[in-house]
Every structure is written in structure tokens, then in C-alpha cells.
Amino acid sequence: MALSTAERTGPGERFRSWRRPAWLEAAGEWARERLRLLDSPLATHHVLLATTSLLVVIGLVMVLSSSSVESLEDTGSQFTVFKSQATFAVLGAVVLVAASRVPATAWRRLALPALLGAALLQLLVFVPGIGREVGGNRNWIRVAGLSAQPSEAAKVALVLACALALVRRRDRLHEPAQLLGALLPSVAATVGLVLLAHDLGTAMVMMFIVAAMLWTSGVPVKFFALAGGAGAAVATALVVTSENRMTRVHDWLFGSATSGVEIQGASWQPVQGQYALASGGWWGLGLGASREKWQWLPEAHNDFIFAIIGEELGLPGTLVVLVLFAVLALAALRLVRRSADLFTKLAVTGFAAWILGQACLNVGVVLGVLPVIGVPLPFISAGGTALVVTLLAVGILLSFARAEPGAPEALKARESVVARSLAVLPRRTRRSR
């Protein structure tokens, strides 16, 4: 008996003969076009700029939401902290644009002046009348009514100075004396001064920066064990000499108290942060609907702003923030792999380790994975100095991205297209008298 056409056609042939809908074809073409854009020499530049812009916008929205109650009580206006943060965001954007236009080779020459300037600024925290102590750390200065945190600028100087030193001694980094001589000036002028000011959180971020740069430069693994042991000894000494830090580490290791009376003090902040995440649930309470910001959670707009994001925007909101930082990490990795200059590779590694390492520390503290350290969430937490300096770091990354292979030619081609487009516009002619 003869078989019908449907019976003669096998599963593979039926699949090949199936015609995809038009919308699926369009979606596939759109996805392929987006993937082709990643091959552009300017892809790293655009991804860095777009990701940073989104994080800053999210930060401004969440600062407004998380600080409104405290601002209203302190100043009579719910927009006080937000206005300050927005002003610094605009200033940081100007700094970012200016830094991105600096030639990539110029940052090597600016490394030593930046180190000297950062050391002088950090020394000001010890000057009576200028230095200010906040939370047991003497890490702020106040001059002419303006406050700043010099340790933020010290991070930029540390990255540039360490990159320069490691490049100059790249062939002798396996020798302990040469490695110590390369790192000692920059580490002493930055990490050492920050430790003298008892700012353990910032010092840990800076030590992570140095470790990441050493790993990229190919330093033997045995040196990491020695450096890790020395760092652990210093951190332990700072913890045991501070009752506040001892309490926080104890609560982290053995759990916090649960009754309302017992959690008063150092345990209050991490417990309230976990309450915020728990009350937000899967989908959050809604933007602006946080309960913990009503003076329950200390530093709700600063160190623990990630808890407010989880409370108001739920799991999707927190995942968006984490994905943006992951995209930033991939862009930095792409920049390292495409750069031929060792100084650029090391500097990009340092800046990425700073931003991503600090983000991991902040999120880990809020989730209870780490003890309370006191570092802000980059781009998002309130803090003018931190925001401006972090945007400066991104501006330097953009400067390096503009020097990627093929990027200068692509920039010139784009500028010529803009110039030709403007040339066809009608020009105003002078009227005859």
C-alpha cells in the first residue's frame, strides 16, 4: 500500500520544512545584530559607559527613596540628601568625561604626582581642626565647610603607582627584595596611612587591589601566602584592639541576639538589614514603600542601601544591580585581554578589583556573609567623594578603552561622519546692506 506524503516525511524533514514566524526571524536578526556590535573596537567603551550610567541612575533613585524620611526629619526637606548626591553625580560626570579624554599614555606620567598628592591629603586627617573622626575611624577632612574622604583618592593613586612600579620591575618580581622595593612606597603612602586612621574597611579594599594586580603581573604564588599572613595579622590586631569590631565579628561568627533588647548596639544594623531583605520577599514592597528607612535601619542610604533595594524592589531589583556589576566585570576583562600595554592591563585590573571587590564586600555584609565592615556600594550608596572618585576611575578605564586596537580609527571615523552631517545644514548668510 502506498504511503501518504505525511507518512513518507521523517521528523527531520518536517522540522526543516517548518517555516519560522516573522516575529521569531526578526528577533533572531536583532540578537545577531547586537552580538555583532560586540566585535566593534568601541564595544568596551560603550558597555562601560552604559553600565556605569545605569548604576548611577539606580543609585540616585534609591538614595532619594532611602533618605527621604531622615532628610525630612533633619532638614525639613525630603530631598536634601538626594540634591547633594545629584550635584556630586553631575560633578562626577564632568570628571569622567574629562578623564576619558586624557591620553592613555599620560596616566603613566601622572602616577607619581597622584601618589604624592594622595599621601598629603591623607595626612590631613591627623591635623587637629581639619581631620574628623566618624564611627571610630579618622578618615574625613573638613576645610571651608566642605567635607571629603581622602582615602577614596588614595585608591586611584594606589592603582596607578603600583602599576607603574610593577611595570618598571617586571623582570625581577620573583625576587623578594625587588618586589618589596616596588610596592613599599605606594603601599606605605596609601594603605599604611589609611590603617593609621583605623579605617579597616577601606584598607581591606586597597589590599585586595594590590593582590589582584600582583596576580595579573605574574608574581609567584608563594608570595601571596606571606602577604596574606601579614595582612591577616594586621587585620586581627585592629579587630582585637576595638571593642566595636570585636562585637561585630563575634555576632558574625556566633550569631546575633534576637530579642529587641539584646540587639541594641552593634548588632542592630545587620539585624535590621536582614529584616529589610526578608520583608521585601520575592517582589518587594514597591519603590518608596520601605519600612526600615523609617529610622529603623542605620545608614539606610549609605552602607546598607542594598537592603533597601531588596526591601522595595525584591529579588528582581537586587539581581539587576548584581548583573550590572557582572557586565562591568566582563567589560574590564575584555579591556585587559585586548590591551597590549602591561601598564594598562595592571591599571584596569586594579580599578576593576577596587569597584567589584568593594561591591562584593558591601553585598556580603548586607547578606550577613561577612561581618559589618563599613564600605559603601559603588555608584549607588550616598557619598559625594566616593561617587566622584569612582566615576574618575571609570573615566580612566574609558581612556584606556579609547586606546584599544582599532578604537582610535573608529573614533576618527565617527567624528568625520558627524562633521559631514553638520556640513549639510544650512548656514546663516550675512544680509547685504
Side-chain angles (χ1 to χ4, degrees), residues 44-45 48 52 92 95-123 148-170 173 178-194 202-219 328 331-333 335-336 339-358 378 385-404:
T44 307
H45 180 278
L48 284 172
T52 301
V95 171
L96 180 148
V97 172
S100 68
R101 296 302 188 270
V102 175
T105 55
W107 294 111
R108 186 193 297 254
R109 297 190 297 270
L110 293 173
L112 294 181
L115 181 63
L116 178 60
L120 293 176
L121 285 175
Q122 188 62 35
L123 287 172
Q149 197 170 4
S151 58
E152 294 296 328
K155 296 175 185 175
V156 177
L158 175 65
V159 171
L160 296 176
C162 277
L164 179 63
L166 292 174
V167 167
R168 287 181 172 177
R169 306 195 187 194
R170 67 182 114 183
L173 294 178
Q178 293 294 331
L179 180 61
L180 184 62
L183 296 179
L184 188 58
S186 55
V187 172
T190 53
V191 183
L193 293 178
V194 170
T202 302
M204 290 180 63
V205 173
M206 298 172 82
M207 287 187 286
F208 182 72
I209 292 172
V210 175
M213 296 178 71
L214 289 176
W215 181 269
T216 305
S217 62
V219 171
L328 201 65
L333 178 61
L335 183 54
V336 170
S339 298
D341 181 43
L342 181 58
F343 176 84
T344 299
K345 290 178 180 288
L346 294 175
V348 172
T349 301
F351 287 124
W354 160 16
I355 296 172
L356 300 171
Q358 186 167 315
T385 307
L387 180 59
V388 172
V389 176
T390 308
L391 290 176
L392 169 62
V394 176
I396 299 175
L397 291 178
L398 292 175
S399 172
F400 293 143
R402 291 168 68 89
E404 275 190 21

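Just the heavy atoms: all of them, side chains too, but no hydrogens, waters or symmetry mates, feed the values below. Given the structure is predicted, the values throughout are model-derived calculations rather than measurements.
In this structure, L397 CG and L391 CG are separated by 11.0 Å, a value rounded to the nearest 0.5 Å. We find the CG-OG1 distance between L398 and T44 to be 10.0 Å, quoted to the nearest 0.5 Å. The OG1 atom of T349 lies 9.0 Å from the CG atom of L335; values are rounded to the nearest 0.5 Å. Expressed to the nearest 0.5 Å, how far CE of M206 lies from CG of L193 amounts to 8.5 Å.
Side-chain atoms of I355 and V394, non-hydrogen and from C-beta on, do get closer than 4.5 Å to each other. You'll find the side chain of L328 reaches within 4.5 Å of the side chain of L48, heavy atoms only.
With sequence neighbours excluded, no residue satisfies side chain to side chain donor-acceptor pair (under 3.5 Å) with R101. Checked against side chain to side chain donor-acceptor pair (under 3.5 Å), T52 has no partners two or more places apart in sequence or in another chain. With sequence neighbours left out, the side chain to side chain donor-acceptor pair (under 3.5 Å) criterion links T385 to no other residue.
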Please list, one pair per line, the donor and acceptor atoms closer than 3.5 Å that link side chains of residues 178-192 to other protein atoms, with sequence neighbours excluded.
unit_1, atom_1, unit_2, atom_2, d
Q178, OE1, R169, NH1, 3.1
S186, OG, L183, O, 3.2
T190, OG1, S186, O, 2.5

Please tabulate, one pair per line, all N/O donor-acceptor pairs under 3.5 Å involving side-chain atoms of residues 104-120, not counting sequence neighbours.
unit_1, atom_1, unit_2, atom_2, d
W107, NE1, S399, OG, 3.2
R108, NH2, D341, OD1, 3.1
R108, NH2, D341, OD2, 3.4

For residues 153-165, which side-chain donor-acceptor pairs fall under 3.5 Å, sequence neighbours excluded?
unit_1, atom_1, unit_2, atom_2, d
K155, NZ, E152, OE1, 3.3
K155, NZ, E152, OE2, 3.4
K155, NZ, Q358, OE1, 2.7

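In the displayed structure, F208 atom CZ is contacted under 6.0 Å by at most 12 heavy atoms of other residues, nucleotides or ligands.
The two residues A347 and F400 have their closest heavy-atom pair at CB-CE1, 3.7 Å. The shortest heavy-atom contact between A386 and T390 is O-OG1, 2.5 Å. Among all heavy-atom pairs drawn from V194 and A203, the shortest one is CG1-N, 3.9 Å. F351 and A393 make their closest contact through CD2-CB, 3.7 Å (heavy atoms, listed as atom of the first residue, atom of the second, distance).
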